[in-house]
J.: 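I have a structure here, written as C-alpha cells, and I will follow up with some questions on it.
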Amino acid sequence: MSLYADIVFPTAVRQPFTYELPEVLKENAAPGRRVWVPLQKHKAIGMIVNIHDRTPNFNTRKVEKILDEEPVLSDELLRLTEWMYRFYYCGWGETVQAALPAGLNFYAEKKVRAVMDEIPDYLDEKEQDIVAEVQSEEAYSLKEANKRWGDKVIKRLVGQKALEIWEEPALKMEPNTETLWRWSTEDAPEKARKVIREHKEKDQSYKWIRALELLLELNLPEFQPQLTSHDLLEYYTLNRISEEGLIISKEVEANNLSLKYEYDPSQLKTLNEEQQEAYEAIEEVLSKNQFASFLLFGITGSGKTEVYIHALKKALEQGKGGLVLVPEIGLTPQIVERFYHIFGDDIAVLHSRLTNRERYDAWRALQKGEKSIAIGARSAVFAPVQDLGLIIVDEEHDASYKQVNPAPRYHGRDVAIMRAYMNNAAVVMGSATPSMVSLHGAKKGKSKMLSLTERPFEATLPEVKVLDMKQYRSAMRGPLTVPLFEAVKEAMEQEEQAILLYNRRGFSSYLQCGHCGEIPECPNCSVSLTFHKSKKQLRCHYCGYSERQPRCCRECNHEAVAPRGSGTQKLEEELSELFPDARTLRMDYDTTSGKEAHANILQTFGRKEADILVGTQIVGKGLNFPDVTVVGVIDADTELAFPSFRSGERMYQLLSQVAGRSGRAEKKGRVFFQTWQPDHPAIKTARKHDYKSFARQELAYRKMLEYPPYSRIIRFTFKGKRDTRVRRVAYAFTESLTEVLGNMEAVLGPSPAAIARMQNFYRWESLLKIKPSNGASAIERLIDQTFERYENRKPKGASSVRINVNVDALE
Ligand code: ADP
Ligand code: ZN
C-alpha cells in the first residue's frame, strides 16, 4: 500500500502538497517532522502535516529525506497552526513557520561540489586548486566559496562542468555544547603530583602546571562543569593537561541561558482577600482539567501579577506546565524578575532579543520538559510547554499582541485562548483596562470576570489634573502649562523624579518651507519626513529612507526651511532650559534601538541617575519607580488623530497606564494631562480612573457603528507598484466579496489606504464587517468563494498586485 504525506511550505499557498512516501521512509515519517522534497525546479524543506493512503489523481513526487528524528511540532501545536491558517486565512506553512523558532525553520542552503572525481586537466592551475579544495570537503557552501574565490570564478567553473551547485537543507542548529573534564584514570591525581614535582624541580612555572595544581586542590572526581569557571582552567590549560593523558573530556549539551535574575522564593506574598477569591476561582478550574477563561480586571498595582504567580504555582504542583505572555518583554523586565524569584530555572525566558541559538536552547528545554514555564511576548504563545495547564495573558488589551506583517496576522491573545481550549487548560487574561472585545466576552459569559479593586499598599489612586490648553495658552513655560511646570519644579526641589510623556518622536515632526509651505516627503511613501536634529537628517519612519537636512526648499529654493512641530528631542532641550540643574533622560524608539538600550535607560532612571524621563508612549509600559511623584502627559489627545475605531480605547489605555505609574510607593503622586479636548470621554473618565464609565460609553458607540466587539473586521490590502492596477484589483475583488455576501452594507471601500504609498507600493484597502460569531470555517469559506469569483474577473496585470488578508484587524 502506498502512503502519502501532505506537506506544507512557508508560502502563501494555502493547501498542503501531497507527496509519495518511499518504502524506506515510511517508518520515520510522521506529522510534525520536516522533510526534504523536490518543489518545482528546486528542492525545499517542508513540514509533514498529515499521512494517509488516499491516492491523489495526479502524479506525485517523492519525499527524499526525513529531516527530524523526532517531531519538531507536537500534534497539539500542529492542530493549533491548522486552526490559525484557516482563521487568519493564510498559508498553513506560514503558521507553521511562525510556530517554529528561527533555528528550526525551513532553511535550505546552496552548496557546491566537484562533478568528477578527477580534477579536469582543461582547467588552469588556480582553477584546479579550487576544485581540489572543494573536493576535499563533502559539501562546500556556495556563499563561502563565492566569498573565498569570487562569484565569477565559481560561475565559470560551474559553466565548465567542473563544479555543480545543489541545494541542501540547513539542518537544525546543532545544540550548544560545553566541554566537561575529569581525571582520565584513578591514579591520574598521583601522576599529576609527579608531573608537578618534576616541573618544580626544574624551576618551571607554566600556567598549565598551576592549573594542574588547582585541579588537585579542587579534587573533582566526576565531569564537572564548574571547572571552566576558574580563570586558570581555560581551554588551553585543560587541553595541555589532557595531552599529558591526565584528564579526559566529553561534550555535553550546554545549558547556558544566561539569566541575570535572582531565585528567591521567599518573595511569594500571602494573597489578600480579593486576590484569594480570584485565585480560588482559577484553582478550581485547574483541578478539573477543563477549559475556562478568566478576565482578571484589576487596576494597576492591585496585585494581578501576584495572582498569576500563585495560579502558576498551583499548576506546577499538579504537574502541569504554564505559559505567560507579556506585551513586550524588553519593556517589562520587572515582571519577568518576579516570576523568576518564585520559579527560578523552571522558567524559559523567551526574550525578543535572544539570539537564534538562545531561543532554540530555551525551546528545546521546554520540549524536553526540563523547564515547565515559558514567558515571552506574542510568539511565545507557540512555546512547546509540556502538559499545558495554564496560560496567562498579561495586559491582554495591548496592541502588540497582534501581528500585522508578515502573515500570519494573528492575535497572540486569541491564539492563546484557542490553545487553552484545545488543551483543556485555563487562560487568565489580565488588564487594568480590558479591551472592549474581552470585556464584552466577559459580559456575555464567554469568560469569567474576576475583579481586584484595591491596591495592597495604598487606599487612593493618584490625583489627576486635566489642564485645558486653550486656557493656558498664555501661561506656558515652554511646552509645559504653569501648573505642570510648578509641579516638576517642586519635585526637583524635593529630589524626587518626574516622567513626561510626549507622543511623537524625533526632534520635530517635519521641516517646512516658510516661503511656499513645502514639506519634504519620503520619495517612497506618502508621508512627510521626520527631522532629526542631532544627525541633521530627514528620515522616513516607515521605510527607513534618510537624507541630509536640505539647505533650501526643493520647490522654491528659498532658504526659509524651518523645523515645525515638536518632538521628544526638542522637549528634552526645552526642559534643560527650564530646569538647568535637572538631569534628563530620553526614551523613544530612536534611543532604544540598541539591544540593551531600553533596559539601560530604565535602570539609569531607577538608580536615580536622572531626574526627568522624557519619552513616547513606551514610557507608559510596565514601570514602577518609587521616587516618581509627577507624571505629565504633554499632549494627551494625540491618539485621537489616528483614524481608527479604537482611538478612544487606546487613548484611555494610555492615560490610565500613565496615571497608574505614579505614586505606587509611599509617596503620593500627581498626574497631569495637558489637552485641547478636556471634555473628551476618554479624558474625563481616565482622570477619575473610571474605566467602567468609559467602557459603557465606548461600547455604546461601537454598537451603534457596528464595530468590534459587535462585529469582526477583516481588512483586505491591495499592494502593487502601479496605482491603476492596484485600484482595478481592489475594485474587482471587492465586487466579488460583495456578491458573495449579498449585502452591500457590510463592505467598506475600496479606498486608498491611510498611507496611500509605502516603500514605493501603492496601497488600497477594503474593510469587511461580519458577525463576530463567524469562526474559522465561515471565514475560510467566505474568502475562498470570493477568490473563486475574483478569478473570473481578474483585471489585466492582476498578478503583480498582492492581496493581504488581516482578520480581526485592530485599526
Ligand atoms: P499589578 O500586576 O496588578 O499591577 P502587582 O502584582 O504588581 O500589581 O502588585 C503591586 C505591588 O503590590 C507589588 O509591589 C506587589 O509585590 C505588591 N503586592 C501585591 N499583592 C500583594 C500581597 N498580597 N501582599 C503584599 N504585597 C503585595
Ligand atoms: Zn519612506
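Remember, it's 1-based here, ligands and their atoms both numbered in the order they're listed. The first residue in the sequence is number 1, and the count goes up from there.
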J.: Do NZ/NE/NH1/NH2 and the carboxylate oxygens of E496 and R670 come within less than 4.0 Å?
T.: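 No, E496 and R670 are not salt-bridged.
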J.: So that I can tick it off, tell me whether R364 and E370 are bridged by a salt bridge, with the cut-off set at under 4.0 angstrom between side-chain N and carboxylate O.
T.: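 Judged by the 4.0 Å cut-off on N to carboxylate O distance, E370 and R364 do not form a salt bridge.
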J.: Is it the side chain, the backbone, both or neither of I299 that has a heavy atom closer than 4.0 Å to ligand 1?
T.: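 The backbone, only.
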J.: Pick from R646, Q653, R413: which one makes a side chain to side chain donor-acceptor pair (under 3.5 Å) with S435?
T.: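 The option that passes is R413.
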J.: Say whether D394 and ligand 1 are in contact under the criterion: heavy-atom distance to a ligand atom below 4.0 Å.
T.: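 Heavy atoms of D394 never come under 4.0 Å of ligand 1.
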J.: I'd like to know if G298 contacts ligand 1, where contact means a heavy-atom distance under 4.0 Å to any ligand atom.
T.: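 No.
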J.: Going by the atom numbers of ligand 1, which of them fall below 4.0 Å from some non-hydrogen atom of N272?
T.: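 Those of ligand 1 that fall under 4.0 Å from N272 are 23 (N).
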J.: With no hydrogens and no angle check, just 3.5 Å: does a side-chain donor-acceptor pair link T453 and E274?
T.: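 Side-chain D/A pair, T453 to E274: present.
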J.: Which atoms from ligand 1 have a heavy atom of T305 less than 4.0 Å away?
T.: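 Ligand 1 atoms under the 4.0 Å threshold to T305: 2 (O), 6 (O), 7 (O).
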J.: Under 4.0 Å, counting heavy atoms only: does R338 come that close to any atom of ligand 1?
T.: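 Checking ligand 1 against R338, which is what was asked, there is a heavy-atom contact under 4.0 Å.
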J.: Near L271, which atoms of ligand 1 are under 4.0 Å from a heavy atom of that residue?
T.: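 Contacts of ligand 1 toward L271, numbered from 1: 23 (N).
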J.: Test of understanding: given a 4.0 Å heavy-atom threshold, classify the contact between E306 and ligand 1 as side chain, backbone, both, or neither.
T.: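 For E306, the contact with ligand 1 is made by both the backbone and the side chain.
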J.: Between atom CD of Q318 and atom CG of D387, what is the distance when rounded to the nearest 0.5 Å?
T.: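 Reported value, rounded in 0.5 Å steps: 11.5 Å.
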J.: If the cut-off is 4.0 Å to any non-hydrogen atom of T270, which atoms of ligand 1 fall inside it?
T.: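 In order of numbering, the contacting atoms are 22 (C), 23 (N), 24 (N).
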J.: Among side-chain atoms of T685 and D690, is any donor-acceptor pair under 3.5 angstrom?
T.: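 No donor-acceptor contact under 3.5 Å links the two side chains.
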J.: Could you give me the CA-CA distance, side-chain angles and deciding distance for D345 and Y340, then say whether side-chain hydrogen bond (donor to acceptor under 3.5 Å, both in side chains) is met?
T.: CA-CA 7 Å; D345 280 338; Y340 199 84; 2.6 Å; yes
J.: Which option out of H310, K269, E395, Q276 puts a heavy atom nearest to atom 27 (C) of ligand 1?
T.: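 Among H310, K269, E395, Q276, the closest heavy atom to atom 27 (C) of ligand 1 comes from K269.
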